[in-house]
Protein chains: 2
Amino acid sequence: MTSEIHMTGALEPRGSWTADRCSVAKALDVVRTRSALLILREAFYGATRFDEFAKRAQLSDPVTADRLRELVDDGILEREPYREPGQRTRQMYRLTEKGAELLPVLVALMQWGDRWLQDAGPPVQLTHEDCGARITAQLRCERDHEIGEGEIALARTSLART
Amino acid sequence: MTSEIHMTGALEPRGSWTADRCSVAKALDVVRTRSALLILREAFYGATRFDEFAKRAQLSDPVTADRLRELVDDGILEREPYREPGQRTRQMYRLTEKGAELLPVLVALMQWGDRWLQDAGPPVQLTHEDCGARITAQLRCERDHEIGEGEIALARTSLART
DNA sequence: CCGTATCCACAACGATACTG
DNA sequence: CAGTATCGTTGTGGATACGG
């Protein structure tokens, strides 16, 4: 009951805000699949090579190849050729800025899984390197208030629709 | 380069932390589909009835029914019969606590979509009801430091693996 | 209003085998 | 090591029609 978002302004229930232009839907169009998120997880964990992605994310080669290509096409990963002395040229995949900013999504998912799907507690933990304290994904307003349930309002922006 | 998570301790690249017990993977097993997230979005926006979910999320009836059933089975939504005076009994779907805690995931997705996929700026905005300031999903440590790129360490917890 | 039944199309994924 | 080609299976979702 308290978990709802309160709407302000003239927001009709089935206007363009809900599905067409909704950023959630658009984001899901880009990272709709499980494999894409798992590959991203491994990118954050430091994977850069084809093999690492396939093995660590436990994906078959074809799926790994498809997903890597799509993620590169979407500007989330970038290929970079490199060459170690004496070796032939290889490719590595690295997160772009656009890709790196998906981290809060991953962390929020992990945190929810930790809380609701793990019987024996979280298998791994993210900590702040500087101070060692545990990291969480949370909602804050620009005045730095923590956002509790039911404290959210939804407003149509003036920028919307040209 | 700075977007990686630094690993500490004896974390082998392909151990159980990566895929099997990983909370990201487990969470994705529950909310793997686009339709599930869109229905959740509408639940946060206040939808409670079958029709609202189908129309607002722009999903066909069968998919809506499937997804609602699964979300109820997974404890993310709960059905509740209610009866308005003079009407027959109806069902409503409401977020459980488990479901409500997926909000950071949705907000993080929305925020990313706003930033990277919207040309004309965000179509809607979330604001803090108490103070009116805009809301973001962000990473914080327990000592309330904001987490910048590359400031994250990953450690295996002592609780993992019985 | 709240769904179910049926059918169909396409996407996602694994397994296996093969190439530079 | 870094993929591609092919095949088969299941998942996801729309369209349509129907029932309590």
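Remember, it's a predicted structure, so these values are computed and weren't measured experimentally. Letters go in sequence order (proteins before strands), and every chain restarts at 1.
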Open item on the list: I need the CD-C1' distance between Q58(A) and dG14(C), as an integer number of Å.
Closed with: 12 Å

Open item on the list: If the cut-off is 4.0 Å, is R69(B) near the phosphate of dG3(C), judged by side-chain N/O to OP1 or OP2?
Closed with: no

- [ ] Check every atom of dC13(C), dC1(C), dG11(D) against the side chain of R34(A) and return the nucleotide holding the closest atom.
- [x] dC13(C)

Open item on the list: Checking T136(A) against E142(B) for the side chain to side chain donor-acceptor pair (under 3.5 Å) test, could you report, in this order, the C-alpha distance in whole Å, the side-chain angles of both residues, the deciding distance, and whether it holds?
Closed with: CA-CA 8 Å; T136(A) 62; E142(B) 282 177 333; over 6 Å; no

Open item on the list: Nearest whole Å is fine: how far is dA12(C) C1' from L37(A) CG?
Closed with: 14 Å

- [ ] Give the nucleotide from the list dC1(D), dT16(D), dC13(C) with an atom nearest to the side chain of T33(A).
- [x] dC13(C)

Task: Closest listed nucleotide, where the reference is the side chain of V63(B) and the choices are dG13(D), dG3(D), dA12(C) - done: dG13(D)

Task: Separation of the P atoms in dA17(D) and dC2(C), to the nearest angstrom - done: 22 Å

Open item on the list: Looking at dA12(C), I'd like to know if its phosphate oxygens (OP1 or OP2) sit under 4.0 Å from a side-chain N or O belonging to R32(B).
Closed with: no

Task: Side-chain heavy atoms of M110(B) within contact of L126(B), under 4.5 Å - done: yes

Open item on the list: Distance check needed: dC2(C) P versus L77(B) CG, whole Å only.
Closed with: 15 Å

Open item on the list: Regarding Y93(B), tell me which of base, sugar-phosphate or nothing describes its non-hydrogen contacts under 4.0 Å with the strands shown.
Closed with: sugar-phosphate

Task: Touch class at under 4.0 angstrom, heavy-atom based, for S35(B) against every strand present - done: sugar-phosphate

TODO: Output the single nucleotide from dG13(D), dG3(D), dG3(C) whose closest atom is nearest the side chain of R79(B).
DONE: dG3(C)

Task: Whole-Å gap separating P (dC13(C)) and CZ (F53(A)) - done: 16 Å

Task: Polar contact flag, side-chain donor to acceptor under 3.5 angstrom, S35(B)-R67(B) - done: yes

Task: S60(A) side chain near dC13(C) phosphate (N/O to OP1/OP2, under 4.0 Å) - done: no

Task: Test item: side-chain donor near acceptor, R140(A) and Q138(A), under 3.5 Å - done: yes

TODO: Return the value, rounded to whole Å, for the distance between atom CG of L59(A) and atom P of dG3(D).
DONE: 14 Å

Task: Partner of V107(B) by side chain to side chain contact (heavy atoms under 4.5 Å, CB included), out of I147(A), V24(A), L139(A) - done: L139(A)

Open item on the list: Between P on dA12(C) and CG on L38(A), what's the gap in Å once rounded to a whole number?
Closed with: 14 Å

Task: I152(A), L154(A), I5(A) screened by side chain to side chain contact (heavy atoms under 4.5 Å, CB included) with F44(B), the one that passes - done: I5(A)

Task: Nucleotide of dG11(D), dT6(D), dG14(D) approaching P62(A) most closely (side-chain heavy atoms) - done: dT6(D)

TODO: Check the distance between dG11(D)'s C1' and R67(B)'s CZ and give it to me in whole angstrom.
DONE: 9 Å

Task: Minimum-distance nucleotide (side-chain atoms of D51(A) versus dG13(D), dA2(D), dG14(C)) - done: dA2(D)

Open item on the list: Without decimals, in angstroms, what is the distance between D29(A) CG and dG13(D) C1'?
Closed with: 13 Å

Task: D61(A), nearest nucleotide to its side chain (from dA12(C), dG11(D), dT4(D)) - done: dT4(D)

Open item on the list: With a 4.0 Å limit, can you tell me whether R49(A) has a side-chain N or O closer than that to the phosphate oxygens OP1/OP2 of dA2(D)?
Closed with: yes

